[in-house]
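Have a look at the structure below before the remarks.
Hydrogens, waters and symmetry mates play no part in the numbers below; they use all other heavy atoms, side chains included.
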Amino acid sequence: MLSRLTGPLSRLAGAADRLGRGEHVAELAPAGPSEVQELTEAFNQMQARLTRFVSDRTRLLGALGHDLRSPLTAMRVRAEMVEDQETRERLIATIGEMQQMVDETSLQRLGRNRTRCGAVGRT
């Protein structure tokens, strides 16, 4: 009788822990008393919503990175035409920093997709 309650709760606790670490967790089959089944279904729904959120955010970051590359390149070309050397160097350095941020965001997104395929990523 007690294992009917503790088994499903133990599986749910383990799944919640793995999900919290960003690991992929297969949908849990509801088991045990009705309250535990409801809790398991709520967990499954929460995991599905989190997965959609992370996926949407990842696509958005990819699109933003892609959209920023062309303007940054154009700005760099224009900055290289600035006559004043000090101003030109500062502009190029600033544009380089912006390009690095875009590149790092893209690399993090790609790395997260490879290492956590199907998993909920960290923010």
Side-chain angles (χ1 to χ4, degrees):
M1 176 72 169
L2 188 57
S3 65
R4 184 170 182 260
L5 176 63
T6 59
L9 284 176
S10 178
R11 284 188 293 278
L12 183 59
D17 184 55
R18 289 189 307 279
L19 179 66
R21 289 192 310 258
E23 297 175 22
H24 174 73
V25 179
E27 187 171 307
L28 299 174
S34 62
E35 293 85 357
V36 176
Q37 289 182 24
E38 289 175 25
L39 181 60
T40 302
E41 289 170 2
F43 174 84
N44 288 336
Q45 291 171 0
M46 176 190 68
Q47 178 178 232
R49 285 191 298 270
L50 286 171
T51 300
R52 278 192 308 274
F53 169 76
V54 170
S55 177
D56 291 348
R57 188 185 72 167
T58 300
R59 277 194 303 277
L60 176 65
L61 287 173
L64 286 172
H66 182 274
D67 290 350
L68 287 173
R69 288 186 199 288
S70 293
L72 285 172
T73 300
M75 287 173 63
R76 180 165 182 121
V77 169
R78 288 187 183 110
E80 289 180 6
M81 291 185 223
V82 171
E83 290 185 27
D84 182 63
Q85 182 177 352
E86 182 181 341
T87 302
R88 181 178 57 245
E89 289 172 356
R90 285 188 306 182
L91 284 170
I92 290 172
T94 300
I95 294 166
E97 290 173 10
M98 294 170 69
Q99 184 66 51
Q100 184 177 354
M101 285 187 269
V102 169
D103 291 344
E104 288 174 358
T105 300
S106 295
L107 288 174
Q108 289 173 358
R109 180 179 65 86
L110 289 173
R112 181 174 295 128
N113 285 347
R114 280 191 207 115
T115 60
R116 298 181 193 187
C117 185
V120 175
R122 296 176 202 256
T123 56

Checklist line | CD-OG1 distance between E89 and T94, expressed to the nearest 0.5 angstrom | finding: 11.5 Å
Next item on the list: Compare every heavy atom of A79 with every heavy atom of I95, then report the nearest pair and how far apart it is.
Entry: CD1-CB, 3.9 Å
Next item on the list: Scan side-chain atoms only and decide if E41 and Q45 contain a donor-acceptor pair under the 3.5 Å cut-off.
Entry: no
Checklist line | For P8 against A31, the heavy-atom pair lying closest together | finding: CB-O, 3.6 Å
Note to self: What's the separation between atom CG in L12 and atom CD in Q37, rounded to the nearest 0.5 Å?
What the structure shows: 12.0 Å
Notebook entry, point to check: Does L64 share a hydrophobic cluster with V102, counting links as ILVMFWY side-chain heavy atoms below 4.5 Å and allowing steps through other members?
Noted result: no
Item checked: A15 to L28 - nearest heavy-atom pair and separation -> CB-CD1, 3.7 Å
Check: Between L19 and V25, which heavy-atom pair has the shortest distance, and what is it?
Finding: N-CG2, 3.6 Å
Check: Do M101 and M98 come within less than 4.5 Å of each other through their side chains, counting heavy atoms only?
Finding: yes
Next item on the list: Find the distance between OG1 (T51) and NE2 (H24) and round it off to the nearest 0.5 Å.
Entry: 8.0 Å
Notebook entry, point to check: Could you give the distance from CG (L72) to CD (E97), rounded to the nearest 0.5 Å?
Noted result: 12.0 Å
Check: Any salt bridge between R90 and D84, counting N to O under 4.0 Å?
Finding: no
Item checked: Rounded distance (nearest 0.5 Å) linking atom CG of L61 with atom CZ of R59 -> 11.5 Å
Margin query: For residues L60 and F53: do they belong to one hydrophobic cluster (side chain heavy atoms under 4.5 Å, members Ile, Leu, Val, Met, Phe, Trp, Tyr)?
Written below: no
Margin query: Going by side-chain hydrogen bond (donor to acceptor under 3.5 Å, both in side chains), name the pairs with one or both residues in residues 10-20, residues two or more places apart or in two chains.
Written below: D17-R21
Notebook entry, point to check: Do you know which of M46, Q47, R52 makes side chain to side chain contact (heavy atoms under 4.5 Å, CB included) with L50?
Noted result: M46
Item checked: N44 side chain to E27 backbone, donor-acceptor under 3.5 Å -> no
Check: Among all residues two or more places apart in sequence or in another chain, which pass the side chain to side chain contact (heavy atoms under 4.5 Å, CB included) test with E80?
Finding: R76, I92
Check: Would you say the side-chain atoms of Q99 pair up with the backbone N or O of R69, donor to acceptor, closer than 3.5 Å?
Finding: no
